Number of protein chains: 4
Amino acid sequence: MHFASDNSGPVHPHVLEALTEANTGYAIGYGADAQMDRLRDKLREVFEAPEAAVYLVATGTAANALALATLSQPYQTVFCSDVAHIHEDECNAPEFYSGGAKLTLVPCGDKMTPQGLRTAIEKEENRGVHGPQRGPVAISQVTERGSVYSLAELQALTAVAAEYNLPVHLDGARFANAMVSLGCTAAEMSWKAGVDAVSFGGTKNGCMGVEAVIFFDPKHAWEFELRRKRGAHLFSKNRFLAAQMLAYVTDDLWLGNARKANANSTYLAEGLRKAGAEFLHKPEANMIFASLPRASHQRAFDAGASYHLWDGPLEGLGDEMIGARFVCDWSISAAQIDQFLALI
Amino acid sequence: MHFASDNSGPVHPHVLEALTEANTGYAIGYGADAQMDRLRDKLREVFEAPEAAVYLVATGTAANALALATLSQPYQTVFCSDVAHIHEDECNAPEFYSGGAKLTLVPCGDKMTPQGLRTAIEKEENRGVHGPQRGPVAISQVTERGSVYSLAELQALTAVAAEYNLPVHLDGARFANAMVSLGCTAAEMSWKAGVDAVSFGGTKNGCMGVEAVIFFDPKHAWEFELRRKRGAHLFSKNRFLAAQMLAYVTDDLWLGNARKANANSTYLAEGLRKAGAEFLHKPEANMIFASLPRASHQRAFDAGASYHLWDGPLEGLGDEMIGARFVCDWSISAAQIDQFLALI
Amino acid sequence: MHFASDNSGPVHPHVLEALTEANTGYAIGYGADAQMDRLRDKLREVFEAPEAAVYLVATGTAANALALATLSQPYQTVFCSDVAHIHEDECNAPEFYSGGAKLTLVPCGDKMTPQGLRTAIEKEENRGVHGPQRGPVAISQVTERGSVYSLAELQALTAVAAEYNLPVHLDGARFANAMVSLGCTAAEMSWKAGVDAVSFGGTKNGCMGVEAVIFFDPKHAWEFELRRKRGAHLFSKNRFLAAQMLAYVTDDLWLGNARKANANSTYLAEGLRKAGAEFLHKPEANMIFASLPRASHQRAFDAGASYHLWDGPLEGLGDEMIGARFVCDWSISAAQIDQFLALI
Amino acid sequence: MHFASDNSGPVHPHVLEALTEANTGYAIGYGADAQMDRLRDKLREVFEAPEAAVYLVATGTAANALALATLSQPYQTVFCSDVAHIHEDECNAPEFYSGGAKLTLVPCGDKMTPQGLRTAIEKEENRGVHGPQRGPVAISQVTERGSVYSLAELQALTAVAAEYNLPVHLDGARFANAMVSLGCTAAEMSWKAGVDAVSFGGTKNGCMGVEAVIFFDPKHAWEFELRRKRGAHLFSKNRFLAAQMLAYVTDDLWLGNARKANANSTYLAEGLRKAGAEFLHKPEANMIFASLPRASHQRAFDAGASYHLWDGPLEGLGDEMIGARFVCDWSISAAQIDQFLALI
């Protein structure tokens, strides 16, 4: 009954096997290995972007912070949702990597709207050197609340960015989950939708610790390489990052895993609905935000369930509804979900 | 014939097995996992430091830059050898992580001497706010030239630091190689010798990608945790870092590997000596800097040998001696060494 | 008819005279001059703070950014009003000087409330290393909308900060204007109200370009000195900063100027009220935010008046009300105000 | 007998008068004032550079650090003399403003040579992402040891920079002193000699606190403006900076002052030579490094002379020669120099 996060689950067997297979003798380090060459080709194919610059790091925060630092200047501001991971959960990493850029929060609580984004961008108008300058637009897909932007919604946001000549970054920590939710291609959900750079997550969907950063315009490549090294995110034994991600994108493992995770979430959401849960956001991928009676949470936790309460503590006497976040990964079994549902 | 670096070699089978074993179901993320608890205990035992703060990151540059940033202020300068890895090979990571601190180079070319260190420290005297303030002393053990400070030499350096109340960091990317070279304990080569924080390397000696940072005074713990997260070096699936390092320090695998690497290096050095090589530094661990005639290099490279020339290109017609760096890891076979020696 | 800003006005004759008087031969540089000694004593007397650390810089942004950097860590967040000067008008200077700290905006549009501040602080609860850590609370007095916190309001805010052990910085670019508005002492409006550090403005109230930074706890002194020098804000000819501020606080020039500025503003506000203006904020010092019909603005601008429209351009045909900001300094004449009022 | 620094002397009367004249009513702030327009034209004329971007700040460190930050990237290194002001006397300001770039010291002790510079640049060759990338070359003219590069020497240095496509910054804190020493034009000593940006000092030569930053290629203009504001070096009452510098460059006041300072220095050097002083560097502008017997220093200090000993303390019994730095500004009188010479 592990719904705390999709990063607390196991590594997919294929990924582990790939590590073992990669462990054959010597390999040149720092990203010049043959595995990396194969992976670059493969990801360019997946994204239908033969010119794309492709790099690996080991954490999602590194992918986001390095990508945004490459796309911005320290006297600029990054436009993002007010619940964006880059704002709430990265301990100022974007500010650090960008050299002190600001994050301008678009009030939304979940999905940014074109109008909300435009208003935030417009607000920085006419301040000359006094205010921060307009910088990148950062979009999370899947959002931090489990929603998925439709392709039209994505395009509407990037169209606003384009009006102001602002680059667009997509935090795709759950890229695969969003893609199978939309039933689209990787290209459609990225550069065809106006995205300039993607953090392409592997860790939450079956890898051990690897994320790709993809720039569709290779002009950013060298700067990114330098920023990655300076940030201490260049692995000497890069082949083991590459091997993970190669296994991940081979034979559609990534999509298969994401389908399982999303299906698990749908199954859990169905059960929650029947149990009377109230949904705080419409679950569209593998994350559910829903409220349950205090007693239901208590029974679940007593039986060993693991997930995060979202609004306030469990302590108390009444039986009001308390929000919680449930995340399903590819590995959770229907039996575990059933066990949980039986408890609540 | 792979002598390019000890980070181009394979992962030790025990470490790979540990990854597989760690892959059992769910584990709480971000360093709160049970593997990390066991590792912390184990490393405290290894270092005879029951209070030590113990953290993991995936790259040596991260270990160094984060440790130094924790020990310094941005208006200070770090004293280090003029060939220190932190100066030459980290693309300004220490400057970045410290918020713009300076590195003051102690001219030495290899090992710092107490007098050289003192002179550098003294030079910053009496400048008030105008010059950088004195900050940490950073020592590499094994040095970047393959030398090993004796315990007495280490103590003499840290004594100078102590006179000026400066903290001491030890870059132990090859900690194990130095330790078996000296035949001492981990405690003797660190806090008993006056060292405040250690980057304890695993990657170059059989791990996939993991380094520990150890502060003997736990007052630095929380700041380090925040700096690690802000630097994007906190792994969600930290258990796989912990598992690697647990395997590494279990049953003295680390020391065994280091003994093999050092023995391989000694064997290679012996052969080089017989072949007429001139040594640029006395090899004391697993790295050799030696000059060979141009033609010898040419034959070796033609036959597929891999190592770095150290001073100048191979192109040319004469038969002068050209310097090179040879690094042996635990995995290189005597047969490979023999093959190489036969070529030159 | 100059209402654009209190920093576009002239320097008070006493301040200019002081510069001339200070220009007698040689003086030791970098803040060790005799003028600075006298000023330090004088400001300690003004603030009834015999231990206070007192420094000078030339711009208000420098005063704010350096003070906040001294009170914060790069992994923290500064709590401030969503219209704070440090957020809107300093081009990321606080982020730069703090090494990448975040600004958390308390929604208020003008004065922060204790409840708003508490909610913002509480929101950072329980995130461990993931979110930014709680850092200083920054309060502007006069606010950026021309309001003045009462002493009770100030104390209520600092009490919230104290509950969480957070230091408090006061942006007193218009300190004097606030003080005469409240009729209190400098001590009452600062350390007696729970403030730890003050940016004490001179430039907007008769000086040429000088602001003091005052820390009531001198433990911050040396770090501030280093940060000031590193930020390139230490003047070699510091005596000319000191001379300005000495003239400013001698014979209550600062309070006299502020009284004139506030009185000018009151007189203008009265006239605006009679002319049918709608006030966006209650003017309490020397700044007025008020709406006038488009045609009134047009006539004023045509006649050479100078001030900032606050919401939207003048272009258009209708006669709706358009907001504007009017700032009065000590030097504006009643005749100019009358001339302006006659136009609208 | 004030030879401590040319920044401890008085402000020239013309500069003070200009401040008074500039103090007429209201002026738009932040550099949009009419004085600034006139100054920009004037400096473009002085430098024969009609396209140049011209900005003002108040300290030399600000001028240098902001200019270098604009010309560099945080993963680069700045090449400079090992006694450069930016290295020794700015408390890490260049590292701070550049976001953590490194300074690579060219060993020279005074003037860089083309060969020394080339060697330093070459040393960063072939390190890929591991070492810092090559960044700007920074030259001080007058040097920190009182030497002046001839135009041919300057051109030889900038030619090396040009080979590697590196921009060149000139720290001209004593630009005027160097110019009159060489008897050349401002253009000859800057862009015609291959310099891209100049810190054009005023403070040490008769101003109160103002330095210009000049970029001969205006493409850097907007970035510099943002960095200046973010660094808190944009003055609201910029007219008073502009007025100082306008007076400074009007009627050749700057050159006249520099001639006086240099002549004073020549006169002092002559006297020192006659008194048996040994010169550590050949004085070529307004700074002298010379050794005198301990007893001579003692007599001078006892009589109130003010200057810096350069190597070691005065304490002791022997009568060895002790080095000292003597700086003459435009204002020092022949009588003072005579008085000093009589003492030694």
Side-chain angles (χ1 to χ4, degrees), chain C residues 2 4-13 15-16 19-20 22-30 33 57-66 89-93 95-97 99 203-204 207-209 225-241 306 329 331-332, chain D residues 2 4-13 15-16 19-20 22-30 33 57-66 89-93 95-97 99 203-204 207-209 225-241 306 329 331-332:
Chain C
H2 293 272
S5 175
D6 33 10
N7 62 32
S8 58
V11 173
H12 193 278
V15 172
L16 263 183
L19 290 175
T20 305
N23 197 34
T24 53
Y26 298 85
I28 189 165
Y30 301 111
D33 52 285
V57 293
T59 72
T61 296
N64 291 339
L66 283 165
D89 285 302
E90 302 190 350
C91 195
N92 299 354
E95 289 89 346
F96 175 43
Y97 275 88
T203 312
K204 289 182 192 296
C207 292
M208 183 176 285
E225 290 199 46
L226 293 165
R227 290 189 175 275
R228 179 178 58 169
K229 172 66 190 173
R230 189 178 74 121
H233 289 287
L234 176 61
F235 273 50
S236 58
K237 297 184 174 175
N238 182 81
R239 62 169 146 168
F240 297 105
L241 293 186
S306 159
D329 79 347
S331 77
I332 193 98
Chain D
H2 293 271
S5 175
D6 35 7
N7 62 33
S8 57
V11 173
H12 193 279
V15 173
L16 263 183
L19 289 176
T20 305
N23 196 34
T24 53
Y26 299 83
I28 189 165
Y30 301 111
D33 53 284
V57 294
T59 72
T61 297
N64 290 339
L66 284 164
D89 285 302
E90 302 190 350
C91 195
N92 299 353
E95 289 89 345
F96 175 45
Y97 276 89
T203 312
K204 289 183 193 295
C207 292
M208 183 176 284
E225 289 201 46
L226 292 165
R227 289 188 176 274
R228 179 177 59 168
K229 172 65 190 174
R230 188 179 74 121
H233 289 287
L234 175 61
F235 274 48
S236 57
K237 296 182 173 175
N238 181 81
R239 61 168 144 166
F240 297 105
L241 294 186
S306 159
D329 78 346
S331 78
I332 194 96

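In the text below, chain A, chain B and the rest are named by the order of the sequence lines, each starting its count at 1. Keep in mind that what you see is a predicted model, and the values were worked out from it rather than measured. Heavy atoms only: backbone and side chains are in, while hydrogens, waters and symmetry mates are out.
Considering every non-hydrogen atom in both C:A232 and D:A62, the closest pair reads CB-N, 3.3 Å. Residues D:T203 and C:S236 approach most closely at CG2-OG, 3.6 Å, considering heavy atoms. Between C:T61 and D:K229, the closest heavy-atom pair is OG1-NZ, 3.6 Å. Contact record, D:Y97 with C:H233: OH-NE2, 4.3 Å, taken as the closest heavy-atom pair. Listed here is the closest heavy atom pair of D:Y26 and C:S331: OH-OG, 2.8 Å. When every heavy atom of D:L19 is checked against every heavy atom of C:L19, the shortest pair comes out as CD1-CD1, 4.5 Å.
Residue contact with chain C, scored on non-hydrogen atoms closer than 4.5 Å, involves the side chain of D:F240 exclusively. For D:D33, no part lies near chain C; criterion is any non-hydrogen pair under 4.5 Å. In this structure, the portion of D:L16 lying under 4.5 Å from any heavy atom of chain C is its side chain and not its backbone. Heavy atoms of D:L234 lying under 4.5 Å from chain C belong exclusively to its backbone. Proximity to chain C is absent for every atom of D:R227, based on heavy atoms less than 4.5 angstrom apart.
Interface remark: of the candidates C:A4, C:A63, C:G25, C:G25 forms the most heavy-atom pairs closer than 4.5 Å to chain D. Contacts with chain D were tallied for C:C207, C:G9, C:G209, C:S306; C:G9 has the most, counting heavy-atom pairs under 4.5 Å. Contact count against chain D (heavy-atom pairs under 4.5 Å) is highest for C:T20 among C:L66, C:N64, C:I28, C:T20.
Summarising the geometry, atom CE belonging to D:M208 is positioned 6.0 Å from atom CE belonging to C:M208; distances are rounded to the nearest 0.5 Å.
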